[in-house]
Structure formats: C-alpha cells, structure tokens
Amino acid sequence: MRRFSVPAIVFGVGLVLIALSLIGILPGLTGMGGGLIFLALVLFGLSFVPRPESASDQPAMSAAESLGKIFFSPAEVFRNLRHHPRWLAALLVMSILSGIYLFAFAQRLTAERIGNFMTEKITQSGFQIPEDRVAQMRQDNIAQYKEPLRQAGSVVSGFVGMFVFFAFLAAIYLIIILAMGGHINYWQSFSATVYSFFPVMVIDRILSLIILFLKDPVDVHPLLGQQSLVQDNLGVLLFNPAQNPVLFSLAAAIGLLSFYRLWLAATGLKNAGEKVSGSAAWTAALVVWLFGVVLAAASAALFPGFLS
C-alpha cells in the first residue's frame, strides 16, 4: 500500500487543482495540476524499482549534514548515499531557491517586460499565430510573472521539472555505467545525480540573486537572466549571443561552475555505486555533459532570436 499512497495523493492533488482552475476558483493552475499528475505517474513507475540492499551498518546522515558536507566533503556524502540513497531534501532546497530567485527576478525586471519579451520572441520565431491569440498569450505571459498564485505554481512546476530531469539523467548514467561493467542501483544513481547538482545550483542562485540587485535591470536579459547571472564561462567573454548564438552556447559550457558540476557527477557516480571505476564514472559524466552541450547548441541554432 505504501507504494501507491504517495503517487495517489499527488495524483489527487493534481486533479483537484485542474478542477479548481477550470471552474475559475484558482485560475491559471491547470499546468501545475497537469505537472503533478505527470509526477504521480513517474513516481508510480519508479516505485517498482528496487532500492539497493545495504550490507553496511553505517548510519544515514541527516538531511542537514548531507546538505552541508556536500560542499566540502562530497565523497563522504556520496559514499553514505550508496547505502542510504535519498534526494528529497536537496531537491526541495533547489526548488525553493529557484522560486525565490525567479520571484525576485520578476520584481526587478517587471512582469510586463518579461512577458512582452517572451511574446515578441515567439511571434518572431516564424510561428503563424492569430492576432487574438497573440494578445491572450501576452496576457498569460505577464500574469505568469505577476500573479502570486501562478508564481507559487511555478515553484511546484519547477520541482516536477527537476525531478523528471534528474530521473532521466540517472537512467542515462545507469545505462552507461552498466555497459562499462560497473554496478550501480538506479536510486544510487538518482541520489548521486541530485546531489551533484545541489552545490552548483545553490552557489549559482545565491550569486545570481546578489548580482540581480547590483546590476542595472536594463542590462539584464529577460530570458537568459532567468537561467543565471553568473558570468564564469567563455560564452559571455568571447561571443555576443545575438550575433553568434551557437558559438555562444558552446562556449557557455566551458566555465568554472560547469566543470565543478562535471567533477561532482563523476565523484558521485564513483562513490555512490557498488562497483564503479573512475573511468566509468568520468565516461558517464562526460557523455551526459557533451549531450547537454550539443542540445543547447541545437536549441540556439533553431531559436536564435530568444538569445538576442
């Protein structure tokens, strides 16, 4: 019964939110409800994946201990995750920090500027959209960054998006490591994936929040700024995103935080798995990193207008 309880609760909440949105009591939360339903289905599917059987009597770290030690003793945390894989606390902190940053971002740049920018870029991308639909799209985009209820919904949607993203990456890591003769359980891979992103996202969000209030809002890109304001990569140093979107995306992958996360991913996979060599861990980390670089460059090539 415990296998079905959490997915059932999440599924039920999603249905209620969709119903309340459709009848006008809580408008604008249809997407959030749909995201929770999707999350429930993913959780239900993953509930059939067995957890690793630990032969160690090593006690599990507390959430606070693991979230703190991951910054200065990551190998120790990942070894503990091998026997006690967990991820919820780290994912919640990342979601809340992202929500706080995006809320501050909308207040600083104004919802009107962000919403108008998004609408204009979509209409300039070649999509044939009727004029009345453009007006409604503009109104929805502005409301997304202006209405408190929708902003709160964005935090939940962000949690769902990160969970699904990490679940996918964990599966890729698992396949590569198994193909190279290593041994790692899915939940070990998943917890290592989440915790490899945690320090990087915390550092990035805190620095971006500081820069947001130090920088003139006019100089902040309405779209790229939502991702990060930390300029630690070659992209911002060598290329103009409006003139060289693909080269900018490729160079943006070469930076301090990017390499830090790459190292954390390899360290996490090596220590969280039962039998994972350093070469297997680094191969998995590099393959996923390169895939992300290619995907970002392809997106920039297809939609260069969003970077201008």
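Hydrogens, waters and symmetry mates are skipped; everything else that's a heavy atom, side chains included, is used. Computed from a prediction, not measured in an experiment: that's the story for all the values here.
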Can any side-chain N or O of [X] pair as donor or acceptor with the backbone N or O of [Y] at less than 3.5 Å?
X	Y	result
N116	E112	yes
N185	P50	yes
S258	I254	no
N80	P59	yes
R86	A60	no
S98	M94	yes
R82	P52	no

Stepwise side chain to side chain contact (heavy atoms under 4.5 Å, CB included) test for D232 and Y260: CA-CA 12 Å; D232 68 325; Y260 178 40; over 6 Å; no
Shortest non-hydrogen contact from [X] toward [Y]:
X	Y	result
K275	G181	CE-O, 3.7 Å
W187	V49	NE1-O, 3.1 Å
I70	P74	O-CB, 3.6 Å
R79	H83	O-CD2, 3.5 Å
S208	S228	OG-OG, 3.6 Å
F105	Q226	CE2-CG, 3.4 Å

So do the side chains of [X] and [Y] get within less than 4.5 Å of each other, counting heavy atoms only?
X	Y	answer
I100	R205	no
L97	M201	no
P199	L264	yes
L269	S189	yes
S196	R261	yes
L212	L109	yes
I206	Y101	no
K146	Q151	no

Pair Y195-L67, side chain to side chain contact (heavy atoms under 4.5 Å, CB included): steps then yes or no: CA-CA 8 Å; Y195 270 84; L67 294 179; 3.8 Å; yes
Candidate pair W87 and F198, rule side chain to side chain contact (heavy atoms under 4.5 Å, CB included), full reasoning: CA-CA 10 Å; W87 47 268; F198 178 77; over 6 Å; no
Starting at [atom1] of [X], measure out to [atom2] of [Y] and round the result to the nearest 0.5 Å.
X	Y	atom1	atom2	value
S277	I177	OG	CD1	8.5 Å
S154	M32	OG	CE	9.5 Å
F78	Q188	CZ	CD	12.5 Å
T283	I176	OG1	CD1	8.0 Å
M118	Y145	CE	OH	5.0 Å
L286	F291	CG	CZ	15.0 Å

Flag yes if [X] and [Y] sit in one hydrophobic cluster, no otherwise; membership is Ile, Leu, Val, Met, Phe, Trp, Tyr, and two members link when side-chain heavy atoms are under 4.5 Å apart.
X	Y	value
L91	F165	yes
F11	V13	no
V220	F103	no
L15	L43	no
L174	F190	yes

Parallel, tilted or perpendicular: ring planes of F159 versus F163, cut at 30 and 60 degrees: parallel
Residue F259 excluded, over 12 heavy atoms near CZ under 6.0 Å: yes
More than 12 heavy atoms of other groups within 6.0 Å of F38 CZ: no
Q227 and L224: CA distance, side-chain angles, deciding distance, side chain to side chain contact (heavy atoms under 4.5 Å, CB included) verdict: CA-CA 5 Å; Q227 301 173 23; L224 295 180; 4.2 Å; yes
T193-Y173 side chain donor-acceptor pair, cut-off 3.5 Å: no
For L22, all residues meeting side-chain contact (heavy atoms from CB on, under 4.5 Å), sequence neighbours excluded: I18, T30
